[in-house]
Amino acid sequence: MTKQTLVVVGHGMTSHHFLEQCVGAGLHTRFHIIVFGEERYPAYDRVHLSEYFAGRSAQSLSMVQGDFFTQTGIELRTGCPIVAVDRTEQVVRDAQGHDTHFDKLVLATGSWPFVPPVPGRDLSGCFVYRTLDDLDAIRERAHDATCGVVVGGGLLGLEAANALKQLGLKTHVVEFAPGLMAVQLDALGAAMLREKIEALDVSVHTSKSTTAIVEEDGGLTMQFADGDSLHTDLIVFSAGIRPQDSLAKAAGIAVGERGGIVINDHCQTSDDNIFAIGECALWESKIFGLVAPGYQMARVAAATLAGETAAFRGADMSTKLKLLGVEVASFGDAHGRTPGSQSYQWTHGPKQIYKKIVVSADGKTLLGGVLVGDSSDYATLLQMMLNGMALPAEPETLILPASQGAPAKGLGVAALPDSAQICSCHNVSKAAICAAVSGGAADMGAVKTCTKAATGCGGCSALVKQVMEYQLEQQGVTVKKDICEHFPYSRQEIYHLVRVNHIRTFDQLISRYGQGHGCEICKPLVGSVLASCWNEYLLKPAHLPLQDTNDRYFANIQKDGTYSIVPRMAAGEVTPDGLIAIGQIAKRYNLYSKITGGQRIDLFGARLEELPAIWAELVAAGFETGHAYGKSLRTVKSCVGSTWCRYGVQDSTGLAVELENRYKGLRAPHKIKMAVSGCTRECAEAQGKDVGVIATDKGWNLYVCGNGGMKPRHADLFASDLDRETLLRTIDRFLMFYIRTADRLQRTSTWMDNLEGGLDYLREVILNDSLGIGEELEREMAQVVESYQCEWQTTLASPDRLALFRSYVNSDKPDEAVQRRALRGQPQPVEHVPPSTPRAPARPWQAVCDVTDIPPQAGIGARLGEVQIALFRFDDRVYALDNLEPGSEANVLSRGLVGDVNGEPVVISPLYKQRIRLRDGRLAEGLTEAVRAWPVKVEGGKVWVAGQALLLQAQAS
């Protein structure tokens, strides 16, 4: 069957959401879909457009994920505006004069910025704030400017003012109405917003009518009707929008008297084959200028084309956002225009907080409200309004603080109906979130992936988390943070216990607050916390049993039991002599060498017993450990910056070296990666790192909580134009707060996704010190910086610790399972070593070593004739197992972490984390055979092992 053609005119946020809905409904298999975009860029996120001035790239703002168009077969033509629609011939004509046939047409042409008809509005230096190209033009002008004016004090105007302030300009806002955000805020709310914005050094001029703009003194002068004037270097018009309906009007499609393409409940225009969605569409005489209603229209249009029943019934225009750092929210009938309605207001002058709710005449229904300075109640109040929920007998308690006698007013999500819309951007209901949790989404990151909830404006994040936790509890899943069976505490609580009680060892902690001997979960966690707090040498006898194999041997274990070595090269800098030394070492020890993604050199294939010798040579050549094995700072990637590059505006390499040397000893819940770029071209890819820094003309922009990997996350702009000292202080606080509050093995990106209040809360804590812990966090970081030691330098100076770096306690023979072959001129592992049948000695018992040669609560390798075994010392007993990692050919079990499961002593295999019982070599879960167990006895301080393995069948229990 021949496909019909579906043409989409416009490729903005609403248009792309429509395309995603088409793919979800399978319309891309039924239609040949062609999309015409007027701009040279594919759809991008206009909600966060001002971040473009702070260094965020056009690519990072893109709404298009991966190879969306290639994979779906949808054709996108950017930079190709449509100039005419011929309904009779059913064709659209582009600017090059080419006609494209359509069977169905969707107009997603958006809006254009309204510019008041003021003489001089077309002068050089006058701009609109709508597209990336507009922003490029503004930035170019701002380069030599000191002052900027925004005409318009609504949502878009204040967003533009924020952008000018980020560009470092003295910023003015000129508004025709008596107050800011006249559509959303009442007079008192607007007055409070003005106070807060002016406190941020932004001048606000209200009730101003501009009569002319003239060129004067190398700039522009705005003349007002009241006789005043204002001189500036540039002017940005952001005074509202008008629907882009000219194509429809010229084609004879019905438009409203004041503009807008008239649509019905199915988003169809007066021509049933033509749809309109987004800001160009007029529904019941209303234009909707927010993204959520546009997304709703997109869903309705796609469903209608798919033959499904769907209808657009209007949209809630409530909004919560942060303008120039000020929290503002408005919902429902904020002005109290409903006949008979009553209003309640509360103001905190010193803190500049204003709250107002409007209720029905009978006091039973919430109709709307305004929040300025503190929007924490927004999610609760919005749900009460949208779902018609009963109000308390005294409605004012909803906005009064507890200190004024208000009871706890948190809305239990159990009271919300399943149909309650939790995320308006993506139309995600409570039922949909609950279904995702039932399907296995047990954290915020998973819920976001499954439902897209909280991925639009983000205002619903806290409520989404509440619904997720409610559903987990409904399923009988106790939402608790116990790290394991040995400690009834979360990681955050463990950190608090260690820090407050000055606990220095695992034994101290578990004897006071835990039970048993620990496991592969709590031991490395506590080891990391102890290192974060006190930064002591990891191989101290008290700390060694806590370290997984990588931290125990200061190297990354590979699948064949050998290790990789990464010397630190701060910011990727390395001298020629350093390169020569590394090359010579790689050659001498037959190591495979590779440049990493973090601008370092990785050397693979080192045997355990070779590590000290290799590091002795590296230390002699001036290198330190690169901590590639630890949950710690890995790298600070850098471009060459202003030192070499003609585009660089700051010395990015110098700053990257400083950052890496500052944080190189920091232990954290997970690995940390950083980068510094010398300009907005972003060669160091700083916006994909846990901490990213981008140079500006005025300082440094700081990005946080990004990561690559399986689930990439773009970093969020945290602060702009920071000087060096402020930047370091901010990063100090950010990292220490992350270490304090993150869960086990939680990257900063996941931490942010699960942090109630998200980025705004984090800014309050770190930048505004809302918890009053800023100086404390700085002191804690200073202690880490001052106590840094290169773990390999310390180890090389400690003979008793060097004795731990051997494959076998009673033999210098190398591991015969480690074999190499040449590939592309370098040594590579041999995947399958020919099997052999090693034999134990014929005599019944063999003395292997002194019991003190085995580290307490840990293991070490040994040889029993040709057989490799692993000896483990657990309390006052010694156990012996085959040294083999089950399911592999690697002889590494002796390097596993020792602990207990319900009191049963186990070793956790280093490669694949299998729990194996020490007494019989069986898996702790399932009791299937894993490795052989060998009889052991200790006599006169000597460890003896029998030459015949235990009969496992007889030992099973």
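Residues Pro113 and Val128 come closest through the heavy atom pair CG-CB, 3.6 Å.
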Could you list the donor-acceptor pairs under 3.5 angstrom formed by side chains in residues 145-164, with sequence neighbours left out?
unit_1: Thr146; atom_1: OG1; unit_2: Asp233; atom_2: OD2; d: 3.1
unit_1: Glu159; atom_1: OE2; unit_2: Ser50; atom_2: OG; d: 2.7

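Legend: salt bridge (charged side-chain N to carboxylate O under 4.0 Å, His left out) pairs involving residues 162-188, not counting sequence neighbours, sorted by first then second residue: Lys170-Asp201, Asp186-Lys356. Listed by first and then second residue, the salt bridge (charged side-chain N to carboxylate O under 4.0 Å, His left out) pairs involving residues 244-258 amount to none (not counting sequence neighbours). Within the structure, no pair that satisfies the ring pair (Phe, Tyr, Trp, His ring centres under 6.0 Å) test touches residues 141-171, not counting sequence neighbours. Pairs passing the ring pair (Phe, Tyr, Trp, His ring centres under 6.0 Å) check and including a residue from residues 144-199, sequence neighbours excluded, read His172-His205.
When the options Thr100, Val8, Thr109 are evaluated for a side-chain contact (heavy atoms from CB on, under 4.5 Å) with Phe36, the one that passes is Thr100. With Arg87 as the fixed residue, the side-chain contact (heavy atoms from CB on, under 4.5 Å) test singles out one of Leu105, Ile274, Asn273: Ile274.
Residues passing the ring-ring contact (aromatic ring centres under 6.0 Å, His included) test with His98: none are found, sequence neighbours excluded. The side chain to side chain contact (heavy atoms under 4.5 Å, CB included) search around Asp228 returns Lys208, Phe224, Asp226, not counting sequence neighbours. Residues satisfying the side chain to side chain contact (heavy atoms under 4.5 Å, CB included) criterion with Glu75, sequence neighbours excluded, are His32, Ile34, Arg77. Applying the ring-ring contact (aromatic ring centres under 6.0 Å, His included) criterion to Tyr44, with sequence neighbours excluded, gives no partner residue. Residues satisfying the side chain to side chain contact (heavy atoms under 4.5 Å, CB included) criterion with Thr304, sequence neighbours excluded, are His266, Phe275, Val300. For Phe68, the ring-ring contact (aromatic ring centres under 6.0 Å, His included) partners at least two apart in sequence or on another chain are His16. Ser270 is linked by a side chain to side chain contact (heavy atoms under 4.5 Å, CB included) to Ile253, Ala254, counting only residues two or more places apart in sequence or in another chain.
For the residue pair Asn427 and Gln421, a side-chain donor N or O sits within less than 3.5 Å of a side-chain acceptor on the partner. Remark: the Thr72 side chain and the His28 side chain contain no N/O donor-acceptor pair separated by less than 3.5 Å.
Atoms CE and OG, from Met222 and Ser229 in turn, are 10.5 Å apart once rounded to the nearest 0.5 Å. Expressed to the nearest 0.5 Å, how far CZ of Arg121 lies from OG1 of Thr210 amounts to 12.5 Å. For the atom pair CG (Leu220) and OG (Ser124), the distance works out to 7.5 Å, reported to the nearest 0.5 Å. One finds the CG atom of Leu185 at 8.0 Å from the CG atom of Leu180 (value rounded to the nearest 0.5 Å). Rounding to the nearest 0.5 Å gives a distance of 10.0 Å between CD1 of Ile33 and OG1 of Thr5.
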Can you list the steps and then say if Gln268 with Asp272 is a side chain to side chain donor-acceptor pair (under 3.5 Å)?
-> CA-CA 6 Å; Gln268 291 169 302; Asp272 289 348; 4.5 Å; no
List the steps and the verdict of side chain to side chain donor-acceptor pair (under 3.5 Å) for Thr380 and Asp377.
-> CA-CA 6 Å; Thr380 296; Asp377 297 327; 5.9 Å; no
Kindly indicate, with the supporting measurements, whether the criterion salt bridge (charged side-chain N to carboxylate O under 4.0 Å, His left out) is fulfilled by Glu20 and Lys452.
-> CA-CA 12 Å; Glu20 291 177 332; Lys452 288 197 170 182; 3.2 Å; yes
List the steps, then state whether side chain to side chain donor-acceptor pair (under 3.5 Å) holds for Thr696 with Asn701.
-> CA-CA 7 Å; Thr696 72; Asn701 287 348; 4.7 Å; no
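The environment of Glu216 atom CD is dense: over 12 non-hydrogen atoms of other residues, nucleotides or ligands sit within 6.0 angstrom. Annotation for Glu38: atom CD does not count as buried by contact number, only 12 or fewer foreign heavy atoms lying within 6.0 Å.
Taking the six-membered ring where the residue is Trp, Tyr295 and His426 present tilted rings, their angle falling between 30° and 60°. Note: Trp283 and Phe288 have tilted aromatic rings, judged against thresholds of 30 and 60 degrees for the angle between ring planes.
Proximity of a side-chain donor or acceptor of Ser15 to a complementary backbone N or O of Gly10 within less than 3.5 Å is detected.
By the 6.0 Å and 45° rule, Arg139 stacks over the aromatic ring of Tyr52.
Looking at Arg130 and Glu39, no side-chain N of the basic residue comes within less than 4.0 Å of a carboxylate O on the acidic one, giving no salt bridge.
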